[in-house]
Amino acid sequence: MKLSPNFEQQNREALARAFRAADTRQIYEWAADNVTVGSWSPFPGKMSFDHTPWLIEPLRALRRATCHRVTVIAAAAGGKSTAAETFMAWCIRNDPGFFCWFSHTENTAKEFAETRLWPFLESVPEVKAIMPSGIDRFKKRQDGIIFPHMALLVLPANETSAQSKHIRYAVFDEPWLYKPGILAQLHKRTTKFAHNRKIIEVSTGSLAGDETDQAWHGGTMREWQFKCPACGVLYVPKFSPERLDKRGGVKWSPDAKIGGGAYDFGKVRASVVYECPHCPANFRPTEENQFKLNRHGCYTSAEESAHESFHWPAWASDFRLLGDFAVEFLQAKAALKRGTAELLQEFTQKREAAAWDASRVDAEPIQTVESTYDMGDHWPESEMRVATVDVQKHHLWLCVRDWAQGPLSRLVWAGKVLTWDELRQRQLEFGVEDRFVFVDSSHFTELVYGQCCRFDWNAIKGEKAPSGFIEERDGTKFRVPVTTSNTRGICAQLPPDAKMTSCELFRVSEELTAESLHLFRTGRAHGWTVPRNAPADYQEQMSARVRRTRQHSKTGQTIWEWVTVGKCGEHLWDCERYQIAAAFLAEKMEPKPEEPKQ
């Protein structure tokens, strides 16, 4: 057999790779020599931790043999995934083992692998050299790579993934989006490697008391600190807006307020500064100041533990965008007054990187909703009249409400009707257009579809969708509490006098509409009113739904939920939730922009 002229050289190189000395450096030191960051990073090129010093300590913890779990709770686009990717590349080259990266859905897992993980690994020469190619190229798939010495899989976090796998390394990406109990099941797949496993959870803020929040509190809870260049004191940077009477936090010019609770956002951005809580020094949001504040920063101290947890907010990792964060906060507070807490929740989770606690809104002062009108009074500002219907076995509940921009709203009528023909009579009596009648189809679906086809009404259905639905308009994604269903309501046997062969069907987030209704009823959102002579049935049913906490039976996490108390039912409460959904559909309320994927 004829040997290659370079056989001896190739043989020496192969032996050198196989028997090379162990790399004893820290992971971040190895990464600085071996990782090239791509276009997904604001600092592309050779990896450097000069601009991201908050990543060093989590990587130190992962290198330590006695640490088996690291939880990172950080702002969106703050570098937390980069830390996990760097650790993954280091493991492939220096400490191989079965490695699984979990994402909350199959689609997000595949997309993340193709657009982020595979390009990252190919940017590491030592890893790229052993990636499957040639006749072995089939070993690189959408959901994983089979290396000669280990396997790497990118999987959805579901029951199937939690079966029959023994995992040494597990990364859980945004675990707060997983179904309750799944995180605990996936943790159990690492028990065979309890002596040398590494579990990494990387997430933005979650929900108070959920599994991710418990993971943060179960670790060392180390907070990133700025070091003031002026006074030299270390401190955890809090947002603390509008506290003009106290030192520290985000400040902007009082001139930015233009009255009526509104702000000139241009002036807010132009004047915003971050003030040291220990001295009068303040810092404009520039890259230079971001570098100065973080350069000598460090985490709060804690004893070494098998479970380390770390946190940093957006104004640490993206200090130069402080003006934008200030505007987002003010927009969230304004949205709260319009009846939605979604923007405030988004700010809390993605910017502050803190767990969202619904009771945080309840802790604010309650304003009593008062009115000076009676049911049936003429309201010249009305732009739209909506009827919403809750369907029971032997009768129906009807709520009629006027709406105007703002949003502003007045209750016109609420009560029980006995038949569908009486409901139609009430609709015509109050002058409600067919397109503004919404009937709950959660129960007695066939019957509701038939009546909606009969009068060209809309069917509406509540769903468990805590985060709402994503819609795209003009290239911008929005998170909304109600969306048009992909299918229409079809009745198997149409009434003889049906106008339509199918009806429009809308899906409604029960959680988001309940939250908005709560904000309106307690006066935290302005414009929603109830007449002085509202009927007793209405008042009793509106008080029949209360928000309480319970412990999840599997995970032990605290869950906020709406429960019914008393015996009167909550039918008109549901009707009022559907009124809010109808107002969103008519654009009387503003949808929430969805942050683009980083």
Side-chain angles (χ1 to χ4, degrees), residues 54-55 57-58 70-81 83 104 172-178 183 201-226 235-243 246 248-250 274 277 294 297 299-300 302 307-319 321-322 324-333 335-336 340-364 466-467 479 511-512 515 549 555 557-560 592 594-595 598:
W54 50 85
L55 299 183
E57 204 58 36
V70 171
T71 302
V72 175
I73 308 297
K80 56 189 182 297
S81 294
H104 68 286
F172 300 105
D173 194 1
E174 299 293 348
W176 76 278
L177 296 173
Y178 301 176
L183 185 61
E201 292 139 331
V202 291
S203 180
T204 50
S206 59
L207 300 174
D210 71 0
E211 290 175 281
T212 306
D213 191 36
Q214 290 179 26
W216 155 252
H217 285 94
T220 48
M221 294 190 295
R222 301 183 66 183
E223 299 266 8
W224 180 255
Q225 301 175 102
F226 283 163
Y235 61 90
V236 176
K238 302 294 184 181
F239 195 69
S240 309
E242 299 183 290
R243 295 175 55 184
K246 295 183 180 180
V250 180
Y274 196 92
N294 284 301
Y299 283 97
T300 51
H307 182 188
E308 300 273 0
S309 56
F310 302 90
H311 170 264
W312 64 86
W315 33 97
S317 54
D318 287 299
F319 183 80
L321 302 179
L322 191 63
D324 292 337
F325 301 151
V327 169
E328 285 181 26
F329 175 79
L330 292 173
Q331 289 174 332
K333 298 294 283 187
L336 197 63
T340 174
E342 294 174 73
L343 285 179
L344 187 58
Q345 178 177 349
E346 186 91 352
F347 183 87
T348 301
Q349 292 178 310
K350 292 192 174 182
R351 303 306 186 198
E352 192 177 350
W356 170 251
D357 186 351
S359 64
R360 170 178 175 174
V361 176
D362 288 340
E364 296 186 1
S467 298
R479 193 182 298 274
E511 295 82 359
L512 294 189
E515 183 67 28
T549 60
T555 66
Q557 71 188 62
T558 301
I559 298 174
W560 283 88
K592 176 171 74 82
E594 171 71 0
E595 184 174 358
Q598 301 298 326

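Here the side chain of Arg222 pairs a donor or acceptor atom with the backbone of Thr300 at under 3.5 angstrom. Formation of a donor-acceptor pair under 3.5 Å by the Gln214 side chain with backbone atoms of Gly209 is found in this model. Panel note: side chain Tyr299, backbone Trp54; a donor-acceptor pair is recorded below 3.5 Å. Side-chain atoms of Lys80 come within 3.5 Å of backbone N or O of Ala75 as a donor-acceptor pair.
Taken to the nearest 0.5 Å, the CG atom of Leu343 stands 11.5 Å off from the CG atom of Leu330. Rounding to the nearest 0.5 Å places CD1 of Ile73 at 12.0 Å from CE of Met221. Here CG of Asp324 is found 8.0 Å from CZ of Arg351. Values are rounded to the nearest 0.5 Å. We find the NZ-CD distance between Lys350 and Gln345 to be 10.5 Å, quoted to the nearest 0.5 Å. Atom-to-atom distance recorded for Leu177:CG and Thr204:OG1 is 7.0 Å, nearest 0.5 angstrom.
The side chain to side chain donor-acceptor pair (under 3.5 Å) check on Thr220 picks up Glu308, with sequence neighbours excluded. For Trp224, the side chain to side chain donor-acceptor pair (under 3.5 Å) partners are Asn294, not counting sequence neighbours. Residues that satisfy the side chain to side chain donor-acceptor pair (under 3.5 Å) test with Glu511, not counting sequence neighbours, are absent from this structure.
At least one side-chain heavy atom of Leu207 sits under 4.5 Å from a side-chain heavy atom of Gln349. Looking only at side-chain heavy atoms (C-beta outward), Thr212 and Tyr178 stay at 4.5 Å or farther from each other. Side-chain contact between Trp312 and Leu55 is present, with heavy atoms from C-beta onward closer than 4.5 Å. A heavy-atom distance below 4.5 Å is not found between the side chains of Val250 and Trp315. Between Glu352 and Pro313, every side-chain heavy-atom pair lies at or beyond the 4.5 Å cut-off.
Residues Trp176 and Glu174 bring a donor and an acceptor atom of their side chains to less than 3.5 Å of each other. Counting only N and O atoms by type, the side chains of Thr71 and Glu201 include a donor and acceptor under 3.5 Å apart.
In terms of heavy-atom proximity, Tyr274 sits nearest to Lys238 at OH-O, 2.6 Å. A pairwise comparison of heavy atoms in Ala355 and Thr348 identifies O-CG2, 4.0 Å as the closest pair. Considering every non-hydrogen atom in both Pro58 and Val72, the closest pair reads CB-CG2, 4.4 Å. The minimum heavy-atom distance between Ala76 and Asp318, with the atom names listed, is O-OD2, 4.4 Å. Considering all non-hydrogen atoms of both residues, Ala215 and Ser309 come closest at O-CB, 4.5 Å.
If you look at Phe347 and Phe239, their ring centroids are closer than 6.0 Å.
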